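Numbered from 1 within each chain, the chains take letters A, B, ... in sequence-line order. Source: prediction; values computed, not measured.
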Amino acid sequence: MKTEPEAFSLDDLAERGQEPWDGIRNYQARNFMRSMTPGDGVFIYHSRVLIPGIVGVADVRTSAHPDPTQFDSSCKYYDPNSKAETPRWDLVDVGFRGRLTSVVSLDELRRMSVFSDSPLIRKGNRLSILPITEAQWTAVLERVELV
DNA sequence: GCCAACGTTGGC
DNA sequence: GCCAACGTTGGC
């Protein structure tokens, strides 16, 4: 799951312990959240920084449920087209698990064979939530310590 | 249902 | 801060 640390960082997640991952307004990303199960491992990826990459580990704490911000007209995530009876946008709650001792950078991910097919490393990719494979999970955690 | 215009993402 | 890439919107 990607985040711009200026808006919400891994440290913010660590501080709060758990966070509803709201504001996702992309159908593909939403569908990936719908396929998540509590307990699933999550990599937290920092984007729009000097060295973009995976900085920490989290886990899924709830299954997908309607994102309340879509109904809040004062919120930037408000969606006037979403109806309470048929909510358009979902979120999952994400819990902090740990920090990586060093960033596994996008540059590094590009050089790892297990990521060669991942949209994550493709230019112009704008998906903020992407599935990862067991092999990707293992490969990243083999390179760094989780603390 | 096409597609131009627009808005947003995110690496650089 | 720039701008390529891409998803969404809405006129036709």
Does the pair A:Ile24 and A:Ser128 meet the rule for a side chain to side chain contact (heavy atoms under 4.5 Å, CB included), with working shown? CA-CA 8 Å; A:Ile24 300 301; A:Ser128 64; 3.6 Å; yes

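Classified by interplanar angle (parallel below 30°, tilted 30° to 60°, perpendicular above 60°), the ring pair A:Phe8/A:Trp21 is perpendicular.
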Per-nucleotide protein contact string for nucleotides 2-12 of chain C (B base, S sugar-phosphate only, - none; heavy atom under 4.0 Å): B-SBBSS----

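Side-chain contact annotation: A:Asp107 with A:Ser105, donor-acceptor N/O pair under 3.5 Å absent.
Counting non-hydrogen atoms under 4.0 angstrom, A:Leu106 reaches the backbone sugars and phosphates but no base.
Across A:Arg88, A:Arg30, A:Arg25, a single residue satisfies salt bridge (charged side-chain N to carboxylate O under 4.0 Å, His left out) together with A:Asp79, and that is A:Arg88.
Sorted by first then second residue, the salt bridge (charged side-chain N to carboxylate O under 4.0 Å, His left out) pairs that include residues 6-15 of chain A, not counting sequence neighbours, are A:Asp11-A:Arg99.
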